[in-house]
Amino acid sequence: MPSVHTFHALGLRVLSDIADDNGRPRPTVTTGHAALLATAAGDDVRRVDLPALWTAVEWAAVRLLDSAAADEALRVAGLSRTVSPAVFAAVVQRYGEIKRRRGVVDTNDLISGVLREATRDPRIGASLRRRFRHDSVDEAQDMNPLQYEFLRLLVGDEPDVFVVGDPNQAIYGFNGADNTLFYELPGLGAGARVVTLPSNYRGTPQVVDAASRLLRNGGQ
């Protein structure tokens, strides 16, 4: 029977199953990451742009970057930390500590938590691959590196995966997505069958022509 999930929902399901199997509490997903981040910012909270700081924290997390590596990557991506590198590193550390003390996780933890569990116990990855033998991913051009590693865990060394996406329609780069991952998807370099859909039936000829010219000119 097909099972349909977002990456985060599947991560929650897997972590809940692991918790049940080991007699541990199921993960509690926070609905107030902004409040947790404000607490982590401490005395600096009045001097920072919290939404921008959260974007930077989340971007670094899904890009699998520690605070030091994130500093340069954020600059190249044109994203502002809104705080100094030292303060950013301290806030990220305190944010993680606060989550642990309060017994909550955020949505990115739902994926990274599965990856950690599978690293500690390879049987978890093997079990997932038996459980989800055939995989399909929609809007694959908007995956971020964290989600990509999750997909690699699911499909293993013998991928049976169907992906749908168009790198030209990627819209979540601001949130850590990387459309170049589309070309590295499991299976694409190993005898994958690629089906293209060259006809557009959703836009007027004028819109399609304008979009085509933009793409040919690199978006200019």
Side-chain angles (χ1 to χ4, degrees), residues 6-12 14-15 27 29-30 32-42 44-45 47-102 104-120 124-125 137 139-155 163 165 167 170-186 188-189:
T6 64
F7 281 113
H8 298 113
L10 180 56
L12 176 58
V14 172
L15 288 178
V29 184
T30 181
H33 68 262
L36 297 181
L37 190 65
T39 301
D44 294 307
V45 68
R47 297 189 294 273
V48 302
D49 180 343
L50 276 178
L53 180 58
W54 168 249
T55 295
V57 169
E58 186 174 45
W59 192 91
V62 302
R63 287 279 177 146
L64 306 174
L65 300 172
D66 60 24
S67 300
D71 187 54
E72 174 64 13
L74 285 164
R75 186 192 66 78
V76 171
L79 296 173
S80 173
R81 297 179 315 270
T82 75
V83 293
S84 70
V87 171
F88 181 73
V91 168
V92 170
Q93 180 178 349
R94 288 197 295 264
Y95 177 65
E97 292 170 350
I98 291 168
K99 287 188 293 181
R100 286 189 290 273
R101 286 201 305 269
R102 298 189 182 185
V104 298
V105 297
D106 62 27
T107 52
N108 292 323
D109 295 326
L110 298 174
I111 300 176
S112 61
V114 175
L115 296 176
R116 282 195 302 271
E117 293 283 356
T119 299
R120 285 195 290 262
I124 290 174
V137 181
E139 303 292 355
Q141 76 277 356
D142 284 318
M143 280 197 303
N144 59 51
L146 179 61
Q147 294 166 340
Y148 179 74
E149 290 303 315
F150 190 26
L151 178 61
R152 288 186 60 192
L153 174 67
L154 289 175
V155 302
V163 297
I171 60 173
Y172 284 101
F174 72 94
N175 204 28
D178 181 358
N179 66 351
T180 65
L181 291 173
F182 186 81
Y183 300 106
E184 301 176 16
L185 286 167
L188 283 184

query: Judged by atom type as modelled, is there a donor-acceptor pair below 3.5 Å linking the side chain of Y148 to the main-chain atoms of D178?
result: no
task: Output yes when a side-chain donor or acceptor of D109 lies under 3.5 Å from a complementary backbone atom of D106, and no otherwise.
output: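 Yes, the answer is positive, given that a donor and an acceptor are paired below the 3.5 Å cut-off.
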query: Say you draw a straight line from CD1 of I98 to OG1 of T30; how long is it, rounded to the nearest 0.5 Å?
result: 10.5 Å
field: Spatial distance of atom CG (N144) from atom CD1 (I111) [nearest 0.5 Å]
entry: 6.5 Å
Any idea which heavy atoms bring [X] and [Y] closest together, and the distance?
X	Y	result
P85	D71	CG-OD1, 3.6 Å
L110	L15	O-CD1, 3.6 Å
S67	V92	OG-CB, 3.8 Å
R63	P145	CD-CG, 3.9 Å
I124	A118	CB-CA, 4.2 Å
H8	T107	CD2-O, 3.1 Å

message: Quick one, M143 with F7, criterion side chain to side chain contact (heavy atoms under 4.5 Å, CB included). Give me CA distance, side-chain angles, the key distance, then yes/no.
response: CA-CA 10 Å; M143 280 197 303; F7 281 113; 3.6 Å; yes
message: What verdict does the side chain to side chain contact (heavy atoms under 4.5 Å, CB included) test give for L146 and L115, after you've listed the backbone C-alpha separation in whole Å, the side-chain angles of each residue and the deciding distance to 0.1 Å?
response: CA-CA 9 Å; L146 179 61; L115 296 176; 3.8 Å; yes
- prompt: Are any of the side-chain nitrogens in R94 or E97 under 4.0 Å away from the carboxylate oxygens of its partner?
  reply: no
Side chain to side chain contact (heavy atoms under 4.5 Å, CB included) between V83 and V91, intermediate numbers included: CA-CA 10 Å; V83 293; V91 168; 5.6 Å; no
field: Partners meeting side-chain hydrogen bond (donor to acceptor under 3.5 Å, both in side chains) with R101 (sequence neighbours left out)
entry: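 Partners of R101 under the side-chain hydrogen bond (donor to acceptor under 3.5 Å, both in side chains) test: none.
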Any side-chain heavy-atom pair from [X] and [Y] closer than 4.5 angstrom?
X	Y	value
T55	N175	no
Q147	V137	no
L10	L154	yes
L74	L65	no

query: Regarding E139 and Q141, is there a side-chain donor-to-acceptor distance under 3.5 Å anywhere?
result: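 Distance-only check passes for E139 and Q141.
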field: ring pair (Phe, Tyr, Trp, His ring centres under 6.0 Å) partner of W54, the single match among W59, Y95, F88
entry: Y95
- request: Check the pair V14, E117 against side chain to side chain contact (heavy atoms under 4.5 Å, CB included), reporting the backbone distance first and the verdict last.
  value: CA-CA 10 Å; V14 172; E117 293 283 356; over 6 Å; no
